[in-house]
Amino acid sequence: MKSYEPHVIEEKWQKIWEDNGAFQVEEDTDKEKYYLLEMFPYPSGKIHMGHVRNYSIGDVVARYKRMRGLNVLHPMGWDAFGMPAENAAIERGIPPAQWTYDNIAYMRTQLKRLGFGYDWRREVATCDVNYYRWEQLIFLKMYEKNLVYRKSSPVNYCIKCQTVLANEQVESGACWRCGEAVIQKELTQWFFAITKFADELYEYCDKLPGWPEKVLSMQKNWIGKSYGVEVNFSIEDGTSLTIFTTRPDTLWGVTFMVLAPEHPQSLELAKGTPQEGEVKAFVEKVAKQDRTFRGEMNTAKEGVFTGRYAINPVNGVKVPVYLGNFVLMEYGTGAIMAVPAHDQRDFEFAKEYGLPIIVTIVPEGQRIDPAAMKEAYVDEGVLVDSAHFDGMKNREAILKIIDYLEEKGLGKRTTNFRLKDWGISRQRYWGNPIPIIYCADCGTVPVPYEDLPVVLPTNLEIKVVGKSPLAEFREFYEVNCPQCGKIARRETDTMDTFVESSWYFLKYTCPDYDDAPLDRKRVDYWMPVDQYIGGIEHAVLHLLYSRFFNRVLNELGFVGVREPFQNLLTQGMVIKDGAKMSKSKGNVVDPDYLIEKYGADTARLFCLFASPPEKDLDWNDKGVEGSFRFLQRVWRLVTAERAEVLEGVEPLFIYDGSDDDLKQLAHMIHKTIKKVTDDIDRFHLNTAIASIMELVNTIYKYLEKDKIDVHSLGLLKGAIETVIILLFPFVPHIAAELWTLSGKGDNRPEGLWPQYDEAYVKEERVMIAVQINGKLRDTCEVERDTEETQLKEIIFNLEKITKHIEGKAIKKMIIIPNKLVNIVCA
RNA sequence: GCCUGGGUGGCGGAAUAGGUAGACGCAAGGGACUUAAAAUCCCUCGGUCCUCGCGGCUGUGCGGGUUCAAGUCCCGCCCUAGGCACCA
């Protein structure tokens, strides 16, 4: 008997696959394509267990689909721009490019040692000029279409990382990367006009049935679409004020108005009133306040009267206009109508400044006394004191009142979004240079297409923390203006690295294409990605950006599809000792160590078996041992148990004789094939493995019977072969080796996923549960599809049943064929 | 506060269309083999009660309900993870 030596066979098969180009694919219109993608890693130095899990799941699906005859694209690459490379340069003096490429080289060998089947010819590293040059071209095309623009605005800034962060990259006031508190800074930045697609990105959430509900709800939350109406209030000085509200049903309850202090009309309004000075002081005070502080909900509501009054257009009531720190300029029109009776914020403000409260919505048949209110009434109800809308349910009233306002020309329906444009400028070195030149005479000038790419220089030193060396590297920034030829300055900010990850999946389809960013023909063959697999942490970052960027590329004609990812699987985190694996927690399990100790197959198997993909995986060293034990058990099944006897035996997969043991084994073969097939299709990889384990257990039990006739041995061999084939996507090395050892030679299982026969999936004899009044009392084994009368006869002869129903009247019997009988007694 | 998930043995987890709750694995306990150990194999393993059985009761976060039958469906709660949040 040969012993199971994972390293020997793993190296052997990895070499064979590499030599054969086993995972290389070409576009082939005769074949059905399947594009399987896992989120590419940042080359931080070593892969971690999260990667092992992610890529193990992906590899199962890729190999399985290939075995089912699909033309599978399964690529891998590197999200290679980013700050750690710069930090390494500063801390250890290694050039970012070298650090990055060294890491890539090592991590590539790690992925190969795990036996993942990628088409490495299609590998993409985003820091490669042949990748980022096309991104610069796309940037310029976007510039022409006004999809990217430059503006000065307050932006999120991380002092530690010394760079700007997009809204999506701030997690509860802290930097997503380092956790440092984020401050606001006024800077001139480049923005991608993602808000132009806000409505579509929101609405398409309902057209992505292959995405987890959770991710879609997070994206919807983030985009924050709200329907409402803009209403014009006239001011006594002759001007007018436009507000946005989602609650026009409360219009008759307006008792004052509030503007954001930054509102352009703020100072204007107060001019010439006794309040002018006070207003000015307030505006200045708020301007100095930290924005994150102001954004906090428990920040006290503060405001000031402008000295002016507005006229409520629906009832002509005169209401005072205030400025308030709780009103945001960035949302809606920066001004609100305040209805203290029905909005908690307005209520608090009204209480603070002694403003009146008018109730216009009440629970049906009840009254609310404004003076007795402790908080705003925000529930549903019917309208009161609202002219001819009285008595209407407020939900319906919203739509009716919007119609009314539009009819009378008092307002117009509007949709507002929480989503802001994507700021992409980063004051960092290791990123894609923004292809723009600033000329004192000509202004902002795009780099001409023929001058692309703007190559990121590597012959400079990075030593100062917090300053991009590009801004001080004359060779880079000093250029002649492409328009007038005078000395000009190149943009020294680089793009957010999320830009690169927004289209890498497209480049995989045609990495060698040199004439344009993408080869439309090949993109069209492969896109969309049929299955995308990655961590939930990118639910609103990468996944939203990619949906946006793919739309841009669609409008530029580079891509045919609108949505890039048809199906999404978000896998859970890898947990150990109750916390996410991290260096600081000291609970990291090193993949290299695992491979060293047990081999890649065991590492893969445990990751897949311990929990379903979308759930968190609780790491358990003993569980890893268990996975290793199982593989050894399978190994022995082929190499030790009956190995000589089975040599040369023709495998059988069906049996129509009368031996119950053989019938049972034939049934198990087909049942397992069906179960594993169905389970992989719905990503229940843990139960797929469990059912293969059951088949193995059944085979061991069968061996104890010691049957040696031709049928028995043939079926035994068939069962063993089935185990090997079914295991192939999960643990490819041992499966390939055992397949060869069981006499299959070069005929590898890669091309053949087994078929099951429904006739054998069904058992001839079935176990019937017998209940009395819904309680299980006994079971009995009968022929499948036993006649009702015959079944009743059997059941009423069961001792336990007769005992229980003795002397009771049987009211009725529920019979579920081949499953259960429930006798209902008085 | 709002929006999503999720609560099942000592543990990870199963139960695809309302039909035998706990598959598979881990841990634990007992046994076989062995001079011994490892490895391997076999048995037990939700709780509880007794008359120890082919037994009874109970049990899927809690309280109700629908149904012949509920982990699964409905109503009301509790806990927990994540997202959003002075967004009008």
Side-chain angles (χ1 to χ4, degrees), chain A residues 171-172 212-226 228 243-247 250 258 294-301 324-328 330-339 342-346 348-349 378 416-419 536-537 539-540 572 575 606 609-612 614-627 629-630 632-633 636 640 675 678-679 681-682 684 686-694 696-697 700 704 767-779 798-800 803 811-816 819-825:
Chain A
E171 291 166 352
S172 50
E213 197 53 49
K214 186 176 183 180
V215 175
L216 294 175
S217 115
M218 281 166 77
Q219 294 216 349
K220 280 185 163 184
N221 248 332
W222 188 262
I223 298 167
K225 180 174 183 174
S226 45
I243 59 96
F244 172 75
T245 182
T246 57
R247 295 293 306 276
T250 62
V258 191
R294 198 178 138 194
E296 267 169 39
M297 226 166 55
N298 43 15
T299 301
K301 286 179 182 49
N325 63 347
F326 68 101
V327 177
L328 307 171
E330 306 88 74
Y331 188 80
T333 62
I336 62 156
M337 63 180 211
V339 186
H342 305 297
D343 183 287
Q344 186 57 26
R345 296 155 300 184
D346 300 348
E348 285 167 29
F349 193 87
V378 294
N416 259 306
F417 297 93
R418 208 191 71 99
L419 183 73
I536 186 81
E537 65 272 19
V540 278
I575 304 285
F606 177 72
F609 178 64
S611 73
E614 65 281 359
K615 270 196 162 186
D616 285 350
L617 185 153
D618 211 339
W619 194 265
N620 177 352
D621 292 329
K622 285 287 183 3
V624 181
E625 298 268 0
S627 294
R629 264 205 299 274
F630 170 70
Q632 284 182 305
R633 197 166 146 82
R636 280 199 308 276
K675 173 82 176 152
D678 292 351
D679 279 356
D681 281 335
R682 56 190 188 127
H684 289 210
N686 55 330
T687 53
I689 294 166
S691 69
I692 301 174
M693 287 174 170
E694 280 186 82
V696 170
N697 292 345
Y700 268 99
E704 282 170 29
M767 199 59 96
I768 304 283
V770 186
Q771 300 180 330
I772 293 168
N773 290 336
K775 271 185 189 164
L776 183 73
R777 293 301 177 186
D778 203 359
T779 56
L798 293 169
E799 205 185 306
K800 287 185 214 166
K803 201 174 80 191
K811 283 208 281 194
K812 64 174 164 176
M813 279 179 77
I814 280 104
I815 298 170
I816 309 296
K819 254 211 171 125
L820 173 144
V821 175
N822 189 9
I823 305 164
V824 186
C825 309

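Naming: A, B, ... by sequence-line order, numbering from 1 per chain.
- One can place CD1 of A:Ile772 at 14 Å from C1' of B:G55, the figure rounded to the nearest angstrom.
- Look at the P atom in both B:A15 and B:U67: the space between them is 29 Å, to the nearest Å.
- The same atom, P, is picked in B:U58 and in B:A69; the two are 14 Å apart, to the nearest Å.
- Nucleic acid contact class of A:Asp346 (heavy atoms, under 4.0 Å, all strands): none.
- Annotation: the span from A:Asn697 atom CG to A:Phe630 atom CZ amounts to 8.0 Å, rounded to 0.5 Å.
- Within 4.0 Å (heavy atoms only), A:Gln771 reaches at least one base atom of the nucleic acid.
- Note on A:Asn686: only backbone sugar-phosphate atoms sit closer than 4.0 angstrom, heavy atoms only; bases stay farther off.
- With respect to A:Asp678 and A:Lys675, no salt bridge is recorded, no charged nitrogen being found less than 4.0 Å from a carboxylate O.
- Nearest nucleotide to the side chain of A:Ser611, out of B:U4, B:A14, B:G12: B:G12.
- Residue contacts for A:Lys811: at a heavy-atom cut-off of 4.0 Å it reaches no nucleic acid atom on any strand shown.
- Counting non-hydrogen atoms under 4.0 angstrom, A:Val770 reaches nothing in the nucleic acid.
- When each of A:Leu798, A:Ile768, A:Ile772 is checked for a side chain to side chain contact (heavy atoms under 4.5 Å, CB included) with A:Asp778, only A:Leu798 meets the rule.
- Counting any heavy atom pair closer than 4.0 Å across all strands shown, A:Pro612 reaches sugar-phosphate atoms only and no base atom.
- For the pair A:Arg629 and B:A38, the criterion of a side-chain N or O lying under 4.0 Å from OP1 or OP2 is not met.
- Nearest to the side-chain atoms of A:Glu694 among the listed nucleotides B:C24, B:G55, B:A88 stands B:C24.
- Closest non-hydrogen pair, A:Ala300 versus A:Asn325, comes out as O-ND2, 3.0 Å.
- Judged by a 6.0 Å distance limit and a 45° cone about the ring axis, A:Lys301 is not positioned over the six-membered ring of A:Phe349.
- Annotated as anti: B:G7, whose glycosidic dihedral deviates from 0 by more than 90°.
- In this structure, A:Asn773 CG and A:Asn822 CG are separated by 7.0 Å, a value rounded to the nearest 0.5 Å.
- When each of A:Asn822 and A:Lys803 is assigned the nucleotide of RNA chain B with its nearest heavy atom, A:Lys803 is the one assigned upstream, toward the 5' end.
- For A:Arg777, no side-chain nitrogen or oxygen approaches OP1 or OP2 of B:G55 to under 4.0 Å.
- Within 4.0 Å of A:Arg633, counting heavy atoms only, lie sugar-phosphate atoms of the nucleic acid but no base atom.
- Out of B:G13, B:G19, B:C24, the shortest distance to the side chain of A:Asn697 is found at B:C24.
- With distances taken from any side-chain atom of A:Arg636 to the nucleotides B:C68, B:U40, B:A14, the minimum falls on B:U40.
- Residue A:Phe417 is classed as having no contact, given no heavy-atom separation below 4.0 Å to the nucleic acid.
- The same atom, P, is picked in B:G10 and in B:C33; the two are 34 Å apart, to the nearest Å.
- In this structure, A:Gly224 reaches neither bases nor backbone, as no heavy-atom distance under 4.0 Å exists between it and the strands shown.
- Note on A:Ser226: only backbone sugar-phosphate atoms sit closer than 4.0 angstrom, heavy atoms only; bases stay farther off.
- Ranked by how close their nearest RNA chain B nucleotide is to the 5' end, A:Tyr331 and A:Lys812 are led by A:Lys812.
- For A:Lys775, the side-chain atoms get nearest to B:C57 when compared with the rest of B:A15, B:C57, B:A88.
- No contact: A:Met813 has no heavy atom under 4.0 Å from any strand.
- Distances shorter than 4.0 Å separate some side-chain N or O of A:His684 from OP1 or OP2 on B:A15.
- Minimum atom distance to the side chain of A:Asn620 is reached by B:C26, of the listed B:A88, B:G5, B:C26.
- Classification of B:C54 as syn follows from a glycosidic angle within 90° of 0.
- Taking every heavy atom of both residues into account, A:Val378 and A:His342 meet most closely at CG1-O, 3.5 Å.
- Within 4.0 Å (heavy atoms only), A:Thr245 reaches sugar-phosphate atoms of the nucleic acid but no base atom.
- Comparing B:G13, B:C86, B:G83 by their nearest atom to the side chain of A:Met218 picks out B:G83.
- For A:Arg418, the side-chain atoms get nearest to B:C84 when compared with the rest of B:U16, B:C84, B:A88.
- Between A:Tyr331 and A:Ser226, the shortest heavy-atom contact is OH-OG, 2.6 Å.
- Residue-to-nucleotide contacts include a donor-acceptor pair under 3.5 Å from the side chain of A:Lys301 to the base of B:C86.
- Nucleic acid contact for A:Lys675: base, since at least one base atom lies under 4.0 Å from a heavy atom of the residue.
- Comparing B:G19, B:A88, B:U4 against the side chain of A:Ile816 picks out B:G19 as the nearest.
- In the set B:U58, B:U20, B:G12, B:G12 carries the atom at the smallest distance from any side-chain atom of A:Ala610.
- Annotated as anti: B:A28, whose O4'-C1'-N torsion sits more than 90° from 0.
- Within 3.5 Å, no donor on the side chain of A:Asn221 pairs with an acceptor on the base of B:C84, nor the reverse.
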